[in-house]
Amino acid sequence: MQFAPSLNFEERETLFVEVILPLSLAINYTYRIPFELNERVAIGKRVVVQFGKHKIYTALVKNITKQPPEFYEAKYIIDVVDENPVLTEKQFQFWNWITSYYLCNEGDVMAAALPTGLKLASETIIVLRDELPNELNLTTKETLIVEFLHKKPRMAIDEVVELLGQKTVYPIINSLIGKEVIYIAEEVIEKYKPLLKSFITLNPLYKEQENLRQLFAALEKAPKQLDALLAYLKLAKLNPSIAKQQLLEESGSGQAAFKSLIEKDIFIQQKMQVSRLLDGEDEFEVNFALSTAQEVAFNAINTQFIEKDVVLLHGITASGKTQLYIKLIEKAIANGGQVLFLLPEIALTTQIVERIKRYFGDKIGVYHSKFNDNERVEIWNKVLNGAYQVVLGARSAVFLPFINLKLIVVDEEHESSYKQHEPAPRYQARDAAIVLAHFHQAKVVLGSATPSIESFYNAENGKYGFVTLNERFGGVQLPLQEVVSIAEETKRKKMTSYFTSVLIDDMSAALENKEQIILFQNRRGYATILICATCGYAPKCVNCDVSLTFHKTSGKLHCHYCGYHQNSLTICPACGSVHIEQKGFGTERIEEELSLIFPDVKIARLDLDSTRTKNGMQQIISDFQDKKTQILIGTQMVAKGLDFDNVSLIGVINADTLLNYPDFRAFERSYQLLAQVAGRAGRRDKQGKVCIQAYNDTHRIIKQVIANDYAQMYTDELAERKQFNYPPFTRLIFINVKHKDANVLNHAAMQLANALRAQLGNRILGPEQPLIARIRNYYIKQIIIKTEKNADIKKVKLVLKDTIKAFNAQKEFKSVITQIDVDPY
DNA sequence: AGCACGCCGACT
DNA sequence: GTCGGCGTGCTC
């Protein structure tokens, strides 16, 4: 790699650039630099190029050469976008690693790594911002664009080309984005809108005793308003701003009383952004001191950093890992270093983010794929120029342009959402973070209450350092855990629908105490399906090999894989029978059954279906938070990251569905999930309760969860992995082969597996039929490569790459799609 | 990813 | 007779 040489103008040297396009292409393309741009081109800058007949893209300069391409005439680059490189040399290194390790194209990495705002293309739409900065220092052309935008708020880049009558508009647009005048329009709906709540303050006029006295007198004939005022004065001792909801409850006055008080200018109402999950009473303090146990752990981590690059922090729930992270971050940024704090996507909406933000103030950026793009570009730039020292982010944050990275924290390192499945690059952000840290000579802390088997194994073998934190912070009690055998209760006829008598009693007791309940039901794959009682026919999706699920709310049958839906059936199309039954039990069904048992209780459901609508999730969560609903039924979502104050009981409807999942990590995952669910109950001063229902109530994993015995779970699990040759003793690569025609696919998959087997022998398994054999009209087969840990994995990957290339070159297999998933998770 | 080219079915 | 369906190949 070399940067643009300074040129002697006499020579008129012709230069070429190798560029990465943000597309999934197997090779990079070479363009010619027009002489006038020689000086401005540099590695890591973006250039504007035409690719194909019409499309214009911003591509990234990977290399500059003097060598003209041998077999074709290179097109000219149209323009150079950036003043300075947007990509650092370390990022190039990192991209290269991702490309070769996860066997994807460089364009895949570019598409995933750069926020949309840095990938302008000809049809990109620009939009004028609502609020413009006070000082506008615009060039003539920039002013022209802004004036035009005042008349027509949305404008395609092609239209800008037309307006200015010149092709080189990208630098101008880039400059306008930089000056915060325009932004790039996006289709993505902003999922994490800040939650606004009404707050009431008293008009400062009434700070005067005399005025207040007069006010009391004036309100004598309006007792409800007086109550409201009194409630305010009572609550306002600590903080003059009180949530309207809280006031309504405290005072017993209605909305009307508040309305007139606001109209009379006595109360002032304001909408304020609040933390979605816990308003106000978060007991986390900004000025805290570490407990002795935390202090010991903190010192141990720092000591181990002398010899190890990665330390696994095994900290049980409520042991105060966050405080420890904060101290570690503080230490890392003390000398201008940067810190990346990775969290699973879902956890980014929780308190931990609030706490860390509160502590570090404006040094911090939050980055995640569902965020709006302006912010993402902004964060990108602030990381690049060092303004942000700490970034909290989901997996894609590993792609940010850190200039002085000193520490990476991966919280909940066992979470499977760190692995990207679709599209390529199929990277594991936790593992990639370790590599990234290595390039920066930074340190990594992997934190979890239930570490992945892989990480624990690495710690055990001395590859990682290891620190435990097993003292509960602030004396939070472990919940009482109980398993109930569904089989036993069925035998004794004690079950009511899906609920054991034990769970029902627990629920009644909790409701009696005005406490809330969360019911956990694993994955909606077990949702209700229709089945003909006469012939066994079950309606299937026309595009995928799955049964359609019945949704009561829409009255329709839906496919969860492709979105297909059709009307429900009353007559069996196969045999004409009218005996159609509903089978299985999704969250929807549980909700229904539950409402029969507790008719007066408000029940809500939190799953993908109920949150698909705009603001659905927030509404459900805040209703539960505000105690408008007493029981929350949910899938994985409720287990992760949500903390509710008043929840005293957690019920697991059926633990077997987790354990029976056909995957070698099923037991590990079950343990992690159940342990996490347990951590949600009664975290405050009161001991909570967890009730786990299962057929398989003596399963070792359930026993280990109850006993809180991670070590035993690990030992058993490791023995199984060893016996059956699974990670961490081997490495896995999945190759998914897809085609529209089942026969072509079968033949193709067999041929490919044979070709691989010829070179890699019994490391090749399959082709096998995956759980779902057809999705979106494509049939799927899976070939698995399982290599021993000490095998030369680079060589294996090379063989794989070459074999697939040769395979796809064969005429009959041209239209066969292959996808490679390295280290599937 | 888009787009052009090219070869087979149901219609003004 | 033509319009348009999408399978295939190509983009420096």
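A, B, ... follow the sequence lines: proteins, then strands. Residue 1 opens every chain.
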_For atom CZ of A/Phe51 and atom C1' of C/dG9, their distance in whole Å_ = 12 Å
*Which of these nucleotides, B/dC3, C/dC12, C/dG9, is closest to any side-chain atom of A/Lys75?*
C/dC12
*How long is the line joining CG of A/Asp741 and C1' of C/dG7, in whole Å?*
13 Å
_Need one value for A/Lys740: base, sugar-phosphate or nothing, where a base atom within 4.0 Å counts as base even if backbone is also close, heavy atoms only._
sugar-phosphate
*Euclidean distance, A/Asp802 CG relative to A/Phe807 CZ, rounded to 0.5 Å*: 15.0 Å
*Enclosure of A/His558 NE2 (heavy-atom neighbours >12, cutoff 6.0 Å)*: yes
*State whether the number of non-hydrogen atoms from other residues, nucleotides or ligands found under 6.0 Å of A/Lys419 atom NZ is greater than 12.*
yes
*For the pair made of CG in A/Leu23 and C1' in B/dC3, what is the distance, rounded to whole Å?*
13 Å
*How are the rings of A/Phe813 and A/His747 set relative to one another: parallel (under 30°), tilted (30 to 60°) or perpendicular (over 60°)?*
tilted
_Once you apply a heavy-atom cut-off of 4.0 Å, does A/Gln50 come out as touching a base, just sugar-phosphate, or nothing?_
sugar-phosphate
*asked:* What is the distance, to the nearest angstrom, from the CD atom on A/Glu812 to the P atom on C/dT8?
replied: 12 Å
*Short side-chain to backbone donor-acceptor contact, A/Lys794 and A/Tyr101, under 3.5 Å*: no
*Whole-Å distance separating the CZ atom of A/Phe813 from the C1' atom of C/dT8*: 17 Å
*Would you please confirm or rule out a distance under 4.0 Å between OP1 or OP2 of C/dC12 and any side-chain N or O of A/Tyr31?*
yes
*Hey, does the side chain of A/Ser815 come within less than 4.0 Å of C/dT8's phosphate (OP1/OP2), counting only N and O?*
yes
*How is A/Leu25 classified with respect to the nucleic acid when contacts are heavy atoms under 4.0 Å: base, sugar-phosphate, or nothing?*
base
*At under 4.0 Å between heavy atoms, what does A/Thr30 touch on the DNA or RNA strands: base, sugar-phosphate, or nothing?*
base
*To the nearest Å, how far apart are A/Tyr57 OH and B/dG2 P?*
5 Å
_What is the distance, to the nearest angstrom, from the CD atom on A/Glu70 to the P atom on C/dC12?_
18 Å
*Does the side chain of A/Lys53 get closer than 4.0 angstrom to OP1 or OP2 of B/dC3 through an N or O atom?*
no
*How many Å lie between CD on A/Glu73 and C1' on C/dT11, as a whole number?*
16 Å
